[in-house]
Amino acid sequence: MSEKILLIDGHSILNRAFYGLPDLTNAEGRHTGAVYGFLNIMFRILEEEKPEYLTVAFDLSAPTFRHKRYEAYKGTRKPMPEELREQVPLIKEMLSAMGINIMSLEGYEADDLLGTVARRSEAKGMDVTILSGDRDLLQLATDKVLIRLPKTVRGKTTVENYHTAEVLEKYQVTPPQIIELKALMGDSSDNIPGIPGVGEKTATKMIVQFGSIENAHEHLEEVKPNKAKESLREHYDLAQLSKELATINTDSPLEFSYEKAKVENPYTPEAYELCKRLEFKNMLNRFDPATTADSSMELEFFTCNDLSGVEALFEKAAQKDQVGISVLADPDQVYTVGLVLDEKEIYQIPVGGLLTGDYLCGKLKALADSTVLCAMDIKSVLKHVSLDDPKKVFDAGVAAYLLNPLKSSYSHDDIAREYLDGMMLPSKEDLLGKTSLKKAWEEELEWLGNYACYQAFVPCMARKVLLEKLDETGMRKVYDEIELPLVFTLDSMEKWGISVKGEELKSYGEKLKVRIQELEKTIWQEAGEEFNINSPKQLGVILFEKLGLPGGKKTKTGYSTAADILDKLAPDYAIVKDILEYRQLTKLKSTYADGLGNVIGEDGRIHSTFNQTITATGRISSTDPNLQNIPVRMELGRLIRKVFVPEEGFVFLDADYSQIELRVLAHMSGDEKLIQAYREAEDIHRLTASQVFHVPLDEVTSLQRRNAKAVNFGIVYGISSFGLSQDLSITRKEAAAYIEKYFETYPKIKGFLDGLVKDGKEHGYVTTMFGRRRPVPELRSSNFMQRSFGERVAMNSPIQGTAADIIKIAMNHVYERMKKEGLRSRLVLQVHDELLIETKKEEIEEVSRILEEEMKGAADLAVELDVDMHQGDSWYEAK
DNA sequence: AAACTCACG
DNA sequence: ACGTACGTGAGTTTG
């Protein structure tokens with residue numbers, strides 16, 4: 001096997017990372033996104049290629065031979081944005097810290113150095129890989145020199161690979177001929193002039209036919225089309241100059257030492273420190289604990305597996321102000337309990353013999369009488385330990401979520417790294433891999449025990465700092481008064497679950513099946529062949545190629561067949577109408593009829609999980625199954641709600657807030673006109689239309705009302721004329737006019753929304769009425785698209801988040817009151833602005849009163865919080 | 001695993 | 001000029 005060298009085009013990879021990926025900033029406000037992206041792609045390629053040598057090439061600012069040859073060269077190039085410029089020294093510092101060789105040479109560009117080292121290495125018989133974002137490098141490809149171009153599509157990075165063959169395949173010319181192409185076409189980003197009137201197509205044709213610019217010039221009369229012929233005749237000199245400029249110099253006088261380019265372990269203590277300073281948390285994972293001085297603290301774990309030892313341990317634990325606990329268990333069995341008294345006393349207690357799960361959970365429950373139990377996830381503890389006082393527990397996951405709701409998980413290793421001075425602990429994955437808890441308990445008790453210890457250790461140690469940060473950020477009240485009590489409320493909802501008629505669900509599914517099969521036949525007939533209607537790819541080919549429907553391309557990978565596209569075609573094509581119906585029915589069958597059927601428990605009820613640490617705004621989410629997206633808008637789908645029923649002797653009471661987000665907007669903005677509107681109107685959209693379009697209330701047309709409603713929604717989503725125009729199928733101009741009229745009508749709204757964006761930019765986050773924060777890093781992005789997204793988020797999150805806060809407060813109060821009053825009714829579902837209560841028939845009146853009082857009284861707004869309430873013998877009827 | 005589609009607020 | 005509504009979760013196909 002020959003040796004391999006990896007050459008990286010420093011600036012171009014940094015550039016790509018900067019423009020293609022979201023920007024990051026650390027606590028010092030330094031921009032670091034591009035550096036982070038650079039490292040990610042570099043390590044990915046390093047792992048794939050495992051080269052013996054590595055070097056990164058950078059341009060210098062001094063003029064190059066190209067400047068001397070051609071004055072305008074790069075003369076008018078756009079200046080680098082400041083956010084990127086400041087990251088150039090940073091990446092160099094990082095590479096140095098990692099002991100990675102950097103090369104640059106006055107008078108030459110990075111390309112030339114890459115080319116030079118590539119040719120030299122090739123001559124030594126090495127394999128060469130060049131990593132760049134710049135297609136110009138393709139001219140260097142050979143059978144031994146691989147050019148790799150990373151591409152980012154929607155935040156996901158893939159890499160295109162080119163040896164000679166791939167260049168030929170994609171561009172129809174050899175790698176050296178890439179230069180000819182570029183010289184003809186020009187390249188505005190490099191200020192290669194090119195010749196007028198020749199684009200990619202013509203240039204390719206010319207080079208395929210003639211091989212070079214010179215040869216084309218010699219056979220000028222054969223050059224087609226005419227325009228290209230004349231252009232080449234007139235600008236031949238320019239083309240030759242361009243060629244010269246575009247040619248990478250592979251023979252620069254670079255002093256290059258393979259010795260210095262040898263790949264060593266990049267995970268040095270210096271690099272670790274720098275990654276920490278830049279807050280590259282995920283990068284820190286890669287570092288070997290041995291190389292990182294400060295994470296080498298050894299934790300000592302003890303096992304306690306005799307009854308008297310456990311008794312003594314719990315007695316000692318009861319004397320502490322706080323203890324860390326963990327309960328590793330499946331729904332029906334406890335495997336191991338972790339108990340941490342302080343950093344020196346960390347215990348695992350495996351279930352076995354006299355130490356049963358019930359016994360240990362009983363001990364934990366009793367322990368809560370005398371100390372505070374700290375856990376990663378209190379709700380999971382509640383499944384086995386029936387605690388009832390939020391004041392006696394601490395939930396590290398919930399606390400960390402409040403401090404940064406944008407994280408994808410809140411595991412013990414993440415929290416240790418972030419809140420315990422960068423402490424690196426093994427993750428669950430590291431300890432158990434994909435082994436189930438049950439299997440680990442049977443076969444790898446040691447590893448399971450370690451996991452239990454870490455799970456108990458981290459929340460115990462991090463409690464202090466997490467609470468301090470909640471205090472500092474003004475979120476202590478949200479934690480104490482909303483989120484922590486909510487853990488108990490959600491646990492209760494999960495335990496109760498909701499009763500579902502399995503048989504009816506089945507027959508509903510079978511009815512759907514009949515119609516689906518009919519439709520399938522019809523569609524195949526209309527298409528003239530059998531194909532998989534569920535495959536957007538196959539469907540796109542049938543509709544837009546075989547049948548030639550208008551519409552054409554839409555997505556990255558092919559034709560879009562989404563409903564909003566098909567809707568437009570449906571009136572004219574029977575097959576489209578059938579496909580839409582087919583889609584609707586298969587969705588209902590697979591996701592709801594079959595999907596829900598599969599998760600009915602032995603008790604005949606569905607027990608969804610309500611996730612408290614998922615959403616960026618503060619809403620809860622529902623999984624396994626998701627009960628927050630049960631159909632309601634279409635009647636056929638809505639029928640599914642008939643299978644959700646209360647148990648014998650109960651009815652459903654369903655209460656939903658009426659336009660809570662708009663009311664929150666009215667309150668937070670303080671716009672008197674909108675507030676007044678809510679005091680008067682029963683139909684806010686109609687009133688909005690009347691005020692915006694200056695017509696009397698009873699003369700508002702249905703179109704005007706629809707438009708006003710869309711604007712109301714748009715405002716809440718972070719208004720943009722484009723978005724509104726899409727929603728209403730009108731031009732952007734018209735949409736902009738609606739928005740302007742709206743802002744004229746409600747003058748404080750605009751100021752309020754602008755203020756949110758301004759505050760967001762200033763602080764880096766926005767807050768709800770109750771102080772919940774959402775960071776909005778996109779607001780500081782130099783990328784227009786990302787920044788615009790940030791602006792919409794800054795406008796929407798405080799509104800959506802405040803509404804989420806309000807209903808959470810209401811849920812807690814309803815739950816606590818029903819409990820205090822000894823009622824047998826129970827909260828079973830929350831759907832963002834709606835609560836569903838399985839109500840004991842004797843308690844209907846009392847529960848109605850509680851619901852109304854607690855929902856309306858959850859927050860004190862300038863407008864009333866209106867609640868619609870219904871009762872029924874199924875969810876369908878209670879809506 | 002990612003892309004696409006679609007259900008909800 | 002860029003190219004979008006805000007927030008979710010799940011099923012299916014495909015590379």
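Naming: A, B, ... by sequence-line order, numbering from 1 per chain. Hydrogens, waters and symmetry mates play no part in the numbers below; they use all other heavy atoms, side chains included. Bear in mind the structure is a predicted one, so any value in this text is a computation, not a measurement.
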Minimum-distance nucleotide (side-chain atoms of Phe784(A) versus dT12(C), dT5(B), dG3(C)): dG3(C)
N/O (side chain, Asn532(A)) to phosphate O (OP1/OP2, dT12(C)) under 4.0 Å: no
Candidates dG3(C), dA10(C), dC8(B) - which lies nearest the side chain of Ser788(A): dG3(C)
Candidate nucleotides dT4(C), dA10(C), dG7(C), ranked by approach to the side chain of Phe789(A) - the nearest: dG7(C)
Any side-chain donor near an acceptor of the partner, Asp868(A) and Ser658(A), under 3.5 Å: no
Parallel, tilted or perpendicular: ring planes of His685(A) versus Phe713(A), cut at 30 and 60 degrees: parallel
N or O in side chain of Gln538(A) less than 4.0 angstrom from dT14(C) OP1/OP2: yes
Atom-to-atom span, CZ of Arg663(A) to C1' of dG9(B) - whole angstrom: 16 Å
Assigned partner base of dA1(C), Watson-Crick or wobble definition, under 3.5 Å: none
Options dT8(C), dT13(C), dG9(B), nucleotide nearest the side-chain atoms of Ile614(A): dT8(C)
Ser12(A) (side chain) donor-acceptor with Gly133(A) (main chain) under 3.5 angstrom: yes
Distance below 4.0 Å between Thr561(A) side-chain N/O and dT5(B) OP1 or OP2: yes
Nucleotide nearest Ser720(A) when distance is taken to its side chain, options dT13(C), dC6(C), dT4(C): dT4(C)
Modelled atom types, side-chain donor and acceptor of Glu791(A) and Ser788(A), under 3.5 Å: no
His832(A) side chain, from C-beta outward: closest of dG9(C), dT13(C), dG7(C): dG7(C)
Length of the line joining Glu778(A):CD and dA5(C):C1', which is rounded to integer Å: 15 Å
Touch class at under 4.0 angstrom, heavy-atom based, for Ala710(A) against every strand present: base
Sugar-phosphate, base or nothing in reach of Val716(A), heavy atoms under 4.0 Å: nothing
Sugar-phosphate, base or nothing in reach of Ala563(A), heavy atoms under 4.0 Å: sugar-phosphate
Touch class at under 4.0 angstrom, heavy-atom based, for Asn629(A) against every strand present: base
Sugar-phosphate only, base, or nothing, as touched by Ile799(A) at under 4.0 Å among non-hydrogen atoms: nothing
5' priority, DNA chain C, between Tyr717(A) and Ser622(A) [closest heavy atom]: Tyr717(A)
Asp727(A) CG to dC6(C) C1', straight-line distance once rounded to whole Å: 12 Å
Sidechain-backbone polar pair: Lys750(A) side chain, Glu740(A) backbone, donor-acceptor under 3.5 Å: no
Within 6.0 angstrom of Lys546(A) NZ, more than 12 heavy atoms from elsewhere: yes
Sugar-phosphate, base or nothing in reach of Gly714(A), heavy atoms under 4.0 Å: base
N/O donor-acceptor pair, side chain Arg633(A) with base dG9(B), under 3.5 angstrom: yes
Distance below 4.0 Å between Arg792(A) side-chain N/O and dC6(C) OP1 or OP2: yes
For atom CD1 of Ile620(A) and atom P of dG9(B), their distance in whole Å: 14 Å
Between dT8(C) (P) and Leu406(A) (CG): distance, integer Å: 9 Å
Touch class at under 4.0 angstrom, heavy-atom based, for Arg774(A) against every strand present: sugar-phosphate
Spacing of Leu753(A) atom CG relative to dC6(C) atom P, expressed in whole Å: 14 Å
Closest to the Ser560(A) side chain, choosing from dT5(B), dG9(B), dA5(C): dT5(B)
Short side-chain N/O contact to dT14(C) OP1/OP2 from Ser535(A), under 4.0 Å: yes
Nearest-neighbour nucleotide for the Ala562(A) side chain, dG7(C), dC6(B), dT4(C) considered: dC6(B)
Contact under 4.0 Å: Thr615(A) side-chain N or O vs dG7(C) OP1/OP2: no
Lys/Arg cation over aromatic Tyr765(A): Arg773(A), 6.0 Å, 45° cone: yes
Rounded distance in Å between the P positions of dA5(C) and dC4(B): 13 Å
Length of the CD1-P vector between Ile640(A) and dC8(B), whole Å: 10 Å
Candidate nucleotides dG9(B), dC6(B), dT8(C), ranked by approach to the side chain of Ala616(A) - the nearest: dT8(C)
Touch class at under 4.0 angstrom, heavy-atom based, for Gln726(A) against every strand present: nothing
base_contact_polar (dT8(C) base, Arg619(A) side chain, donor-acceptor, <3.5 Å): no
Distance, P atom - from dT5(B) to dT4(C), rounded to whole angstrom: 14 Å
Tyr657(A) side-chain N/O to Met855(A) backbone N/O, donor-acceptor pair under 3.5 Å: yes
Nearest-angstrom distance from the residue atom CD of Glu661(A) to C1' of dT8(C): 13 Å
Exam field: side chain Ser608(A) to backbone Thr623(A), donor-acceptor pair closer than 3.5 Å: yes
N or O in side chain of Lys537(A) less than 4.0 angstrom from dG15(C) OP1/OP2: yes
Arg787(A) vs dC2(C): side-chain N/O to OP1/OP2 distance below 4.0 Å: no
P atoms of dC6(B) and dA1(C), separation to the nearest Å: 33 Å
Touch class at under 4.0 angstrom, heavy-atom based, for Asp594(A) against every strand present: nothing
Nucleotide of dG9(C), dC6(C), dA5(C) approaching Ile719(A) most closely (side-chain heavy atoms): dA5(C)
